[in-house]
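Order of the sequence lines fixes the chain letters, A, B, ..., with proteins taken first and strands second; residue numbering starts at 1 for each chain. Model, not experiment: these values are computed from the prediction.
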Protein chains: 2
Amino acid sequence: MSITKHKNSPRIRRTPEESRANILSAAEDLLVEQGPQSLRLADVAKRAGVANATVLHHFGSIDAVQQALMERMIADLVENILSVEIPADAPLEVRTAGLKTLFDAFETRGAARLAAWLELTDETSRLTVVREVVQEVAQKKMGNAGVPADVAEDIILLSVTLAVGVGLFGPTLGRLIGKPPERARELTLQMLMGYLEGLSG
Amino acid sequence: MSITKHKNSPRIRRTPEESRANILSAAEDLLVEQGPQSLRLADVAKRAGVANATVLHHFGSIDAVQQALMERMIADLVENILSVEIPADAPLEVRTAGLKTLFDAFETRGAARLAAWLELTDETSRLTVVREVVQEVAQKKMGNAGVPADVAEDIILLSVTLAVGVGLFGPTLGRLIGKPPERARELTLQMLMGYLEGLSG
DNA sequence: GAGGTTACTGACAAAAATGTCAATAACGAA
DNA sequence: TTCGTTATTGACATTTTTGTCAGTAACCTC
């Protein structure tokens, strides 16, 4: 009956891990470029260059894709934050470098959008790892510089919260009022660094 | 053929304005409580206590509902911000009061979620009014206190950006690391007020 | 090569969400 | 009271999105 004779482009056969990574990367691009509402099955599959059914083969549902993306982005963010090495000396420059890494992650690497996405979809329970990470950074890295643990946690809470605001809305609001998009970050970092100097000085 | 005899609860007939407001309020509740992905036709209609077709009668499409909600929330926010009166004297307490109003709007009145929603859906072009509002506040209200216009605009840019971060993510992040949910706001306001004192002092 | 495993796919089915329409019923005006 | 307007609605139609399945083809082992 049905004659199958299609000259389709040859299939790409990846390992399951590669295929999942390919799909998640496509989804991440869509999230950053067009927002969470663009994370539809057909859109993700098209962006990844595979058939819809391939996405479902690897993840089971489009919901599972979104959840896996959340997990991967959280893991990437944590790894990125923890990669900042803070020696016990040179406190000022080190703080500067650490803050810049933090703000960069939230602005250019989509972490602010991830945070907003998690918050708006009520998925912040996925962030329980954050508690351990914050405690680790507060104790091991900032503790070495002589900062008490609870003060260090306050500093992290403050810095991350501000980084979310700056990364998510700073460029847009800056442009809206006729300032360069990086102006909000400049102002925030200047204020934050001054504040931290005042604490330790 | 078809016999229609339903003992439904009596209809509520509103003016078009009332009906639109009722539907938008329901949508706003859903947005704040469950996020933008809950702004579905059936969900909004159910929350508003009307039939799906009623929503479409007044707005034409669910997309138009979302856009009208954006406009209404932006207008409410602007009105709320502009309602803060800043006399020319008593600079310190006035700043405090103004900042608290701002942070309160972004935290408890859903403005931070509105900002995140607009940003994630690429609808920030709706915020062009913001430019005028910022300029008005910078000139009329802060100008009275002797603050140069461009400095005033920087202060507003900084304050609003931080308010978004604090309002959106402060409570969640605070709870995550075992601190009270208002801790991020406390820290931010303390830092911001100190910074502003340093500018004028 | 031959054969087995399984990533991959198109065609199809199912479900979910949006939108249409004719009929109904509040409400005000004549 | 009667009548006209129109906000409201259930039933239905359409579109969009998700998910199923059997067949295909790439890759590996023997």
Whole-Å distance separating the [atom1] atom of [X] from the [atom2] atom of [N]:
X: B:Gln37; N: C:dA16; atom1: CD; atom2: P; value: 17 Å
X: B:His58; N: D:dT9; atom1: NE2; atom2: P; value: 9 Å
X: B:Ile62; N: D:dT16; atom1: CD1; atom2: P; value: 16 Å
X: B:Gln66; N: C:dA17; atom1: CD; atom2: P; value: 13 Å
X: B:Asn52; N: D:dA11; atom1: CG; atom2: C1'; value: 12 Å
X: A:Phe59; N: D:dT17; atom1: CZ; atom2: P; value: 20 Å
X: A:Glu18; N: C:dT6; atom1: CD; atom2: P; value: 17 Å
X: A:Arg14; N: D:dC28; atom1: CZ; atom2: P; value: 15 Å

Problem set entry | Taking every non-hydrogen atom, the tightest pair across B:Gly110 and B:Met73 | O-CE, 3.9 Å
Seminar exercise, completed: Minimal heavy-atom distance between B:Ala111 and B:Leu77, with the atoms involved, is CB-CD1, 3.8 Å
Exercise. Closer to the 5' end of DNA chain D via nearest nucleotide, is it A:Asp43 or B:Gly49?
Worked result: B:Gly49
Exercise. Checking only heavy atoms, does the side chain of B:Arg13 share a donor-acceptor pair with the base of D:dT6 at less than 3.5 Å?
Worked result: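 When only heavy-atom distances are counted, B:Arg13 does reach the base of D:dT6 through a donor-acceptor pair under 3.5 Å.
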Exercise. If you look at every strand shown and take non-hydrogen atoms under 4.0 Å, does B:Ser61 touch a base, only sugar-phosphate, or nothing?
Worked result: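 Sugar-phosphate: the residue B:Ser61, judged by heavy atoms under 4.0 Å, touches backbone atoms but no base.
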Exercise. How is B:Leu56 classified with respect to the nucleic acid when contacts are heavy atoms under 4.0 Å: base, sugar-phosphate, or nothing?
Worked result: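 Base contact - B:Leu56 has a heavy atom under 4.0 Å of at least one base atom.
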Exercise. Can we say A:Lys179 and A:Glu186 salt-bridge, meaning some charged N sits less than 4.0 Å from an Asp/Glu carboxylate O?
Worked result: no
Exercise. Taking B:Asn22 for the side chain and B:Ala48 for the main chain, is one N or O donor matched with an acceptor at less than 3.5 Å?
Worked result: yes
Problem set entry | Expected output: side-chain B:Arg183 to main-chain B:Gly174 donor-acceptor under 3.5 Å |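 Not a single qualifying donor-acceptor pair exists.
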Exercise. Toward the 5' end of DNA chain C, which comes first, A:Val50 or B:Gly60, by nearest nucleotide?
Worked result: A:Val50
For [N], take OP1 and OP2 only and decide whether either is under 4.0 Å from a side-chain N or O of [X].
X: B:Ser19; N: D:dT8; answer: yes
X: A:Arg11; N: D:dA26; answer: no
X: A:His57; N: C:dC8; answer: no

